[in-house]
Amino acid sequence: MREVKNGRSVEIMPRLFFDGWSGTDYQALLSSEAAVKELTAVAVSFLKTNGFSGTVVEIWSQLGGQVKEPLRNFLNYMAETFQLNELKFFLVIPPPVGKGNLFDAEDFRSLSPRVDGFSLMTYDYSSGSIGPNAPIKWMKECVEAIVPEPGPDRSKLLLGLNFYGYDYGTTPEAVVGSQYIEILKSQGSKLKWDSEAAEHKFEYTMWQVPHHLYYPTLKSISDRIELAKEMGTGISIWEIGQGLDYFYDLL
């Protein structure tokens with residue numbers, strides 16, 4: 001951390017991910033004020049002891065849009081406690097369009113006074129079927145579904161940009177930058193522009209199996225950065241290290 005921060009204005013916030021929790025575990029937490037306070041106190045202590053600036057909480061998608069009121073109460077208490085301790089609080093949220101409306105404008109209004117930012121998961125659109133990772137029209141619709149009117153509230157939304165892709169062959173496989181370059185070198189296929197999705201793709205055949213590969217490019221990333229500017233949001237990247245080095249020239 002010291003090396004990363006040295007001479008730079010950088011804040012580091014680890015992800016707080018409720019991995020492996022059962023429904024019973026969530027119920028025990030959300031139904032107990034004492035448990036909520038204890039978990040929050042442990043998180044604050046850990047972050048301050050280790051010199052972090054805050055945290056990024058990922059819990060909303062795991063509950064599938066259920067028990068919204070107790071979940072909002074928990075997150076509001078946690079975020080308010082973080083504010084009192086001069087720590088930042090970011091929340092990962094699922095896309096509201098085409099994914100079951102797990103997070104909506106009412107949820108945003110309830111949480112936004114205390115939450116510093118919302119990392120919007122505008123990727124994985126095709127969910128295993130051949131298609132683009134994040135059609136640009138869909139990304140815009142997701143922002144509008146949460147904050148319908150332009151204005152300062154949108155600045156708390158961080159439009160999710162995927163720095164990985166998917167190779168659809170026999171089964172979908174996630175692809176990071178190094179793998180993408182190797183496939184391009186070995187197959188020599190030409191990129192095609194999907195104007196509706198605003199993404200590049202290319203097709204090739206390996207071992208008699210047709211493949212369709214979608215992976216971000218400078219053009220697709222640039223279009224999405226322009227969309228974020230147009231809509232007044234920030235951006236969040238999933239994830240640093242998965243893309244190609246020159247992607248960062250655009251930021």
Side-chain angles (χ1 to χ4, degrees), residues 1 4 8 10-17 19 55-58 60-61 90-95 97-99 117-143 157-169 171-187 189-204 211-231 233-251:
M1 283 176 51
V4 172
R8 304 180 182 94
V10 174
E11 294 182 311
I12 299 178
M13 290 169 269
R15 184 171 62 138
L16 177 55
F17 182 42
D19 190 24
T55 192
V56 180
V57 175
E58 187 166 349
W60 199 278
S61 295
F90 288 80
L91 179 65
V92 179
I93 57 173
V97 178
K99 301 290 182 178
F118 298 80
S119 180
L120 178 57
M121 301 168 68
T122 40
Y123 34 75
D124 291 345
Y125 172 83
S126 295
S127 298
S129 58
I130 297 173
N133 292 314
I136 199 163
K137 180 182 177 182
W138 170 71
M139 297 176 77
K140 182 177 182 180
E141 290 171 350
C142 286
V143 171
L157 287 180
L158 305 177
L159 192 67
L161 304 185
N162 57 289
F163 272 19
Y164 63 91
Y166 278 104
D167 185 2
Y168 298 93
T171 57
E173 298 285 346
V175 174
V176 297
S178 58
Q179 296 168 311
Y180 174 67
I181 294 299
E182 287 302 314
I183 294 171
L184 280 179
K185 286 180 178 178
S186 64
Q187 299 302 320
S189 300
K190 291 185 178 180
L191 296 179
K192 297 179 181 179
W193 179 247
D194 181 336
S195 57
E196 184 173 351
E199 289 187 27
H200 276 104
K201 63 178 180 178
F202 77 90
E203 301 168 2
Y204 68 98
H211 286 249
H212 303 260
L213 196 156
Y214 286 82
Y215 191 83
T217 59
L218 288 176
K219 168 63 174 169
S220 67
I221 295 170
S222 177
D223 285 357
R224 282 152 180 77
I225 291 174
E226 287 304 311
L227 174 64
K229 291 177 180 177
E230 171 192 326
M231 304 204 76
T233 72
I235 62 170
S236 59
I237 296 168
W238 188 268
E239 63 184 37
I240 300 296
Q242 290 185 341
L244 301 174
D245 290 344
Y246 59 73
F247 285 177
Y248 305 103
D249 294 343
L250 296 172
L251 303 180

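Keep in mind the model is a prediction, meaning the values are calculated, not measured.
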Heavy atoms, side chains only, cut-off 4.5 Å: are [X] and [Y] in contact?
{"X": "Phe90", "Y": "Ser119", "answer": "no"}
{"X": "Lys140", "Y": "Met231", "answer": "yes"}
{"X": "Val176", "Y": "Gln179", "answer": "yes"}
{"X": "Thr233", "Y": "Leu120", "answer": "no"}

Aromatic plane relationship, Tyr166 with Tyr164 - under 30° parallel, 30 to 60° tilted, over 60° perpendicular: perpendicular

Plane angle bin for Tyr215 and Tyr180 - parallel if under 30°, tilted between 30 and 60°, otherwise perpendicular: parallel

Worked verdict on Tyr246 versus Leu218 for side chain to side chain contact (heavy atoms under 4.5 Å, CB included): CA-CA 8 Å; Tyr246 59 73; Leu218 288 176; 3.4 Å; yes

[X] side chain to [Y] backbone, donor-acceptor under 3.5 Å:
{"X": "Gln187", "Y": "Leu184", "answer": "no"}
{"X": "Trp138", "Y": "Val97", "answer": "yes"}
{"X": "Arg224", "Y": "Ala134", "answer": "yes"}
{"X": "Ser220", "Y": "Pro216", "answer": "no"}
{"X": "Thr55", "Y": "Pro14", "answer": "yes"}

Step-by-step ring-ring contact (aromatic ring centres under 6.0 Å, His included) determination, Phe163 to Phe247: CA-CA 8 Å; Phe163 272 19; Phe247 285 177; 5.1 Å; yes

His200/Tyr214 under side chain to side chain contact (heavy atoms under 4.5 Å, CB included): CA gap, chis, key distance, verdict: CA-CA 6 Å; His200 276 104; Tyr214 286 82; over 6 Å; no

Tyr125-Tyr123 aromatic ring centre distance below 6.0 Å: no

Lys/Arg-Asp/Glu bridge criterion (N-O < 4.0 Å) met for Glu199, Lys192: no

Salt-bridge criterion met for Arg15 and Glu58 (N-O under 4.0 Å): yes

Closest approach of Val92 to Trp60 (non-hydrogen atoms, all atoms of both residues): O-CB, 4.0 Å

Taking every non-hydrogen atom, the tightest pair across Asp194 and Ala197: OD1-N, 3.1 Å

Residues, nucleotides or ligands: over 12 heavy atoms within 6.0 Å of Asp249 CG: yes

Side chain to side chain contact (heavy atoms under 4.5 Å, CB included) between Val56 and Leu16, intermediate numbers included: CA-CA 6 Å; Val56 180; Leu16 177 55; over 6 Å; no

Residues Phe202, Tyr204; criterion ring-ring contact (aromatic ring centres under 6.0 Å, His included); working and verdict: CA-CA 7 Å; Phe202 77 90; Tyr204 68 98; 5.6 Å; yes

Steps toward side chain to side chain contact (heavy atoms under 4.5 Å, CB included) verdict (Lys201, Leu191): CA-CA 6 Å; Lys201 63 178 180 178; Leu191 296 179; over 6 Å; no

